[in-house]
2 protein chains.
Amino acid sequence: MSQQGERFPRISNIPAYQRVAEMIEQEIVSGRLRPGEALGTEAELVKQFGVNRSTVREGIRLLEQGGLIRRDPSRRLIVGLPHYDKLSTRVSRALILHQVSFLELWEATMALGLATFELAMNRATPELIERLERNIAETEAAKHDPARVGELDGEFHILLEEASGNRVLQLAREPSNMLIYSVTELVVGDISHGAERLIQAHRMLVQSLKDKDVELGKLWTRRHLNDWRKGFELGGRDLNQPLDSVLLDATRMRESASRSAAE
Amino acid sequence: MSQQGERFPRISNIPAYQRVAEMIEQEIVSGRLRPGEALGTEAELVKQFGVNRSTVREGIRLLEQGGLIRRDPSRRLIVGLPHYDKLSTRVSRALILHQVSFLELWEATMALGLATFELAMNRATPELIERLERNIAETEAAKHDPARVGELDGEFHILLEEASGNRVLQLAREPSNMLIYSVTELVVGDISHGAERLIQAHRMLVQSLKDKDVELGKLWTRRHLNDWRKGFELGGRDLNQPLDSVLLDATRMRESASRSAAE
DNA sequence: ACCAATTTGTCCGTATGTATG
DNA sequence: TCATACATACGGACAAATTGG
């Protein structure tokens, strides 16, 4: 231990529940505790840390939210592998709170989409191509349900990411995924034949994957996203308007529509 | 006990502390509580929710970690705007846990870097260019300290993102930022003149921003990242090896070096 | 299907440190 | 300086749920 110099870095200034959380976190990230393992009972943690049970519980809550710890069916604490979607909801809320515009979303989606496609081209397996084709078939069947189309479109792009074999790219896109679904639902909903154009684009993308035709794939990625953008603009919306207000308006309209339908 | 079918999904089974967290969260995301506003004291929340103090505190911890709630200097609770870096540490831990390789990191960084640069070209303000130049000067001064160079390199790229004016792209890169710093520190540390090459690349990037020369900027972005990759490989490391083990090894070596130096 | 032990969820009361006026 | 309000932390308690015999 370093004896001199810093004196003691005011360890006591950090609340005990935070230190409990940090120490558990350390055990996990260092690999001494592995995902799936039991963390032990609260009583055991009380003994180990020498703090009150309430304090332990507060510390646990901190980690629970991040997904680093979760409860198994019997509510015992186990180490969890924070999974993408767990994190992404929080992050996409941050996006909304930060009031990004459609333009920002579109630019980023374009950049990530092109890169994803290029990588997917070299790495796509027959199995993934088949899943992409199944997704297209499902979309075809659901083309009159905008919400479902938005979901399936999201799934399609997630499959492409998976095909790219690059988890960093996958994670990079995650924050915006939820926003993308919502906007797509909006766009498909008020453009006639919106779903058809989307399906055609997806078909061409899969085709170019099969033919290993990079340029065709990039071309259709651009077309697909340009369509998306045009659809957004055709709804009379402003590219630079914060998306949260756009989506909020849409939700309100949907709600009032369903209310009046109920009466 | 419930006798028949599934009836209602056991609402009473959701712990009170979670419901407390959800209700507060709702107030915030719905906009009824705005970032910066005070949340009220614990005692007040106890009254409003009709639960015990401990329960309220556990609920608060859940939100605290996500950044939705902060404490001001006097430890009073206020609504916080979850900021990028708060989230990113969690996400980059997820990355490490998921054992991504350098190759994945490199591919994603390349795609995002090129896109960022293109946008920054059109939107960079004189003020940001000046900050970029100051960063280069600082890097020059610290070129013998790998850790500091890694930090400043990270800052440089964050400034570029800021210049791009695209917060989605910014967020997309966030997860990997911490990994990038660490790897850069590693690479700069064991390549002679590694820092010089890095500084030159940064200089050329700023120059092309000033001249609005997109192609030059992209060229140097590629060079910069190819250098980074070569540096990684020169250290005898495998592009496909999970990064967490690479970084763990490096940390161990640094620790044993400082231990033996202390004796 | 019942019972006993364990564990979590919740509550109560109280003490201490600290920031604010 | 002192008083107050508040967050932090502790100890003990009981009910409800879960587990294992």
Side-chain angles (χ1 to χ4, degrees), chain A residues 7-25 27-28 33 36-80, chain B residues 1-25 27-28 33 36-80:
Chain A
R7 192 150 300 314
F8 285 111
R10 11 191 209 148
I11 172 172
S12 58
N13 212 352
I14 303 172
Y17 69 88
Q18 282 186 17
R19 271 178 293 162
V20 168
E22 275 167 29
M23 294 180 86
I24 296 177
E25 186 175 324
E27 286 296 299
I28 298 176
L33 274 172
E37 271 186 72
L39 194 62
T41 68
E42 292 179 359
E44 282 167 6
L45 295 174
V46 166
K47 271 197 177 177
Q48 295 179 38
F49 290 114
V51 297
N52 189 272
R53 185 162 154 241
S54 310
T55 308
V56 167
R57 284 172 64 82
E58 287 185 38
I60 286 171
R61 296 310 163 223
L62 286 181
L63 301 176
E64 193 180 316
Q65 187 59 17
L68 216 59
I69 283 182
R70 36 173 241 280
R71 302 202 295 284
D72 69 5
S74 71
R75 289 187 159 156
R76 281 187 175 70
L77 292 167
I78 60 176
V79 178
Chain B
M1 271 303 212
S2 72
Q3 192 77 310
Q4 46 176 307
E6 282 298 300
R7 206 80 195 128
F8 287 109
R10 9 205 215 154
I11 171 171
S12 59
N13 207 352
I14 302 173
Y17 67 86
Q18 281 189 13
R19 283 191 312 239
V20 168
E22 275 167 28
M23 293 181 84
I24 296 178
E25 184 175 327
E27 286 295 299
I28 297 176
L33 273 172
E37 272 186 70
L39 195 61
T41 68
E42 290 181 3
E44 282 167 2
L45 295 174
V46 166
K47 270 196 177 178
Q48 294 179 39
F49 290 114
V51 297
N52 189 269
R53 182 102 172 263
S54 314
T55 308
V56 166
R57 286 171 65 80
E58 288 185 37
I60 286 172
R61 296 309 164 224
L62 284 180
L63 301 176
E64 195 178 310
Q65 186 61 16
L68 220 56
I69 285 183
R70 264 183 322 150
R71 292 197 289 287
D72 69 1
S74 69
R75 283 179 170 156
R76 278 182 181 72
L77 291 168
I78 57 176
V79 178

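These values consider heavy atoms only, across backbone and side chains, with no hydrogens, waters or symmetry-generated copies. So you know, we letter chains A, B, ... as the sequences are listed, proteins then strands, and number each from 1.
A salt bridge does not link Arg19(A) to Glu22(A): none of the charged side-chain nitrogens sits closer than 4.0 Å to a carboxylate oxygen. For the pair Arg71(A) and Glu64(A), the salt-bridge criterion is met [side-chain N within less than 4.0 Å of a carboxylate O].
Between atom CD of residue Glu27(B) and atom CG of residue Leu68(B) there is a gap of 12.0 Å, rounded to the nearest 0.5 Å.
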For nucleotides 6-16 of chain D, read 5' to 3', which letter fits each nucleotide if B means a protein heavy atom sits under 4.0 Å from the base, S means only the sugar-phosphate is that close, and - means neither?
SBBSBB-B---
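Residues that satisfy the side-chain contact (heavy atoms from CB on, under 4.5 Å) test with Val20(B), not counting sequence neighbours, are Ile24(B), Phe49(B), Val51(B). Among residues two or more places apart in sequence or in another chain, the salt bridge (charged side-chain N to carboxylate O under 4.0 Å, His left out) test is passed with Glu25(A) by Arg93(B).
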